[in-house]
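Encoded as structure tokens, the structure appears first; notes follow it.
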There are 2 protein chains.
Amino acid sequence: MKKRKKIIHQPEKLQIAVDIVIFTIIDDKLKILLIQRATKPFKGKWALPGGHVDINESLEKAAKRELQEETNVKKVYLEQLYTFGDPSRDPRGRVISVTYFALLNKKPAIKSASDAADVRWFNVKEIPSLAFDHNKIVSYALKRLRWKLEYTNIAQRFLPRYFTLTELQRVYEIIFGKKIDKRNFRKKILSLNLIRPSRRKRKMVAHRPPRLWQFVSSKNVILTKRELIF
Amino acid sequence: MKKRKKIIHQPEKLQIAVDIVIFTIIDDKLKILLIQRATKPFKGKWALPGGHVDINESLEKAAKRELQEETNVKKVYLEQLYTFGDPSRDPRGRVISVTYFALLNKKPAIKSASDAADVRWFNVKEIPSLAFDHNKIVSYALKRLRWKLEYTNIAQRFLPRYFTLTELQRVYEIIFGKKIDKRNFRKKILSLNLIRPSRRKRKMVAHRPPRLWQFVSSKNVILTKRELIF
DNA sequence: CCAAAAGTGTTGGTTTTACACCCATGG
DNA sequence: CCATGGGTGTAAAACCAACACTTTTGG
């Protein structure tokens, strides 16, 4: 398994990588996927999944490909985050990293990537010290995620097609990290016309069966000031 | 499976450029700086100022350097916008462009850059068809600028240190493209405690001399929901 | 019938919007 | 004394935050 990687010093060559912050909600906690590096530099350290961009590949395609090397998902929300280009961010040479964040609506099967010693979901509140400048990237991604949750309909990317209002509320509570009043939440979310009720109810629960809802649009919607959620 | 190492012969190498959308307000209009290309491809077309990133130069430094090749300003607000990396965006080969936007608080002297046939300020409402994907970049920059004006204290970057409330209001009006009620604007902006009055007044005007104000912090401040300006 | 989560309204405080007149100066 | 932009308050409407009980199901 040990792969000898030649650490060629290429002071003249500039490289582009993509790194991805993959979020999902597992057991009512917001998690991100990290891989443990099998090779130097930072061997043994946890890092974001990522890799090089092929010469004829768009950045987004590269991000999608890297994502699929770790997980089996195909339908996924991907958004470009920021480009980190400090000349000293990678000890091997000049590597500019275009970062993305991805949102998954369920825990995917994890493949074992070839160059990883291990792969795991980490609670965002328990991120260890990461390789490269990846802690910075994660914190940037988290900020962006919270921000988008407030002013867009991005919450849908964490949910299946049909969901209950309580499940939707929980997405907000988990990501914002605070409790929200149920009545106020419902009043607010319904006034936005982002979601519509389906005729279905969730059956086989030991309590009053909740109605199932769905998002009206699968496109990204930007809310204006007075529509923002908390 | 993923062991595909890209040993494929690379017909071209990947390059990184920065492109900058330079905004300023001139004659009560929002303008951006464009250069007319002197060389192929797109010879004769207008384009954003920009250029290649040196191997040991951070992206922001590269953007600053390019900015100074066109203008004489040094103190300038610069912010990374987005990275455009479509493989076909540049006919010469694979060029990934990291874009920035810059805000100037006054019309700078324009140097004549070596590779430009001409350099001009364009009203954002009258942008011609540009080289490469630069129209897309400009429209993205405009969106971001309007957005930031609403939820940060970025307006200060268009103003000198001391300014009148009417001048500040005009920044908002010009960029949002709509009139704002003077009393409501003042009430709002004062309630935010972003600015403080100086003892000075602007003299030598043929009407009641206005008080001069300054921003409390030259750092970027992010406003929360209830503080947003309109 | 018990446990569990679903579902539902009202009120008081705050924020927003719309709107018109007097003030201080230079010429 | 005129022209010009500077400066100021109020009331009605919309919005937000806080708060508790009844309903429906499975077991």
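Side chains are part of it too, since the values below use all heavy atoms of this structure and drop only hydrogens, waters and symmetry mates. Residue numbering restarts at 1 for every chain, and letters A, B, ... go by the order of the sequence lines.
The side chain of A/Arg186 places an N or O atom within less than 4.0 Å of a non-bridging phosphate oxygen (OP1 or OP2) of C/dG7. The side chain of A/Thr166 places an N or O atom within less than 4.0 Å of a non-bridging phosphate oxygen (OP1 or OP2) of C/dA6.
One atom, CD of B/Glu167, and another, P of D/dG5, lie 13 Å apart when rounded to the nearest Å. A/Lys178 has its NZ atom 11 Å from the C1' atom of D/dA17, to the nearest Å. Rounded to whole Å, atom P of C/dC19 lies 16 Å from atom NZ of B/Lys179. Rounded to an integer number of Å, the gap from CD1 of A/Ile180 to P of D/dA17 is 11 Å. Protein atom CZ of B/Arg202 is 12 Å distant from nucleotide atom C1' of D/dG6, rounded to whole Å. Atom pair B/Arg170:CZ and D/dG6:C1' shows a separation of 12 Å (rounding to whole Å applied).
With hydrogens and angles ignored, the 3.5 Å screen pairs no side-chain donor or acceptor of A/Lys203 with any backbone N or O of A/Pro209. Within the 3.5 Å criterion, the main-chain N or O of A/Gln214 finds no donor-acceptor partner in the side chain of A/Arg196. Checking side-chain atoms of B/Arg37 against main-chain N and O of B/Ala131 turns up no donor-acceptor pair under 3.5 Å. Within the 3.5 Å criterion, the main-chain N or O of B/Trp147 finds no donor-acceptor partner in the side chain of B/Glu150. Formation of a donor-acceptor pair under 3.5 Å by the B/Glu66 side chain with backbone atoms of B/Asp19 is not found in this model. When atom types are taken as modelled, the side chain of B/Lys111 and the backbone of B/Gln68 share a donor-acceptor pair closer than 3.5 angstrom. A donor-acceptor pair is defined here as one N or O able to donate and one able to accept, closer than 3.5 Å; no such pair exists between the side chain of B/Asp118 and the backbone of B/Gln36. Of the possible polar contacts, one joining the B/Gln156 side chain to the B/Ser217 backbone as a donor-acceptor pair under 3.5 Å is found.
Contacts with DNA chain C (heavy atom under 4.0 Å) in residues 188-200 of chain B: B/Lys188, listed by number. Of the residues in residues 223-230 of chain A, A/Arg226 come within less than 4.0 Å of DNA chain D through at least one heavy atom, sorted by number. Proximity of residues 146-154 of chain B to DNA chain C (heavy atom under 4.0 angstrom from any strand atom) is not detected for any residue.
If you look at A/Phe163 and A/Phe215, their ring centroids are closer than 6.0 Å. In summary, the aromatic rings of A/Phe176 and A/Phe230 are positioned with their centroids too far apart to meet the 6.0 Å limit.
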(message) Base contacts versus sugar-phosphate-only contacts with protein, heavy atoms under 4.0 Å: please encode nucleotides 21-27 of chain C as B, S and - from 5' to 3'.
(response) --BBBS-

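Inspection of the A/Ser218 and A/Arg157 side chains reveals no N or O donor paired with an N or O acceptor under 3.5 Å.
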(message) Could you walk me through whether B/Arg202 and B/Glu167 satisfy the salt bridge (charged side-chain N to carboxylate O under 4.0 Å, His left out) test, starting with their C-alpha distance in whole Å, then the side-chain angles of each, then the deciding distance to 0.1 Å, before giving a yes or no?
(response) CA-CA 12 Å; B/Arg202 178 155 296 155; B/Glu167 287 164 349; 2.3 Å; yes

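A side chain to side chain contact (heavy atoms under 4.5 Å, CB included) with A/Trp46 is found for one member of A/Asn135, A/Leu34, A/Val119 and no other, namely A/Leu34.
The 12-atom threshold is exceeded at NZ of A/Lys225, counting heavy atoms of other residues, nucleotides or ligands nearer than 6.0 Å.
Ring pair B/Tyr82/B/Tyr140 is tilted by interplanar angle, where 30° to 60° counts as tilted.
Applying the side-chain hydrogen bond (donor to acceptor under 3.5 Å, both in side chains) rule to pairs touching residues 124-134 of chain B yields B/Lys45-B/Ser129, B/Arg89-B/Asp133, sequence neighbours excluded.
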What N/O pairs connect the protein and nucleotides 9-12 of chain D at under 3.5 Å? Give each pair on its own line.
from   : atom 1 : to       : atom 2 : distance (Å)
D/dT10 : O4     : B/Lys187 : NZ     : 2.8

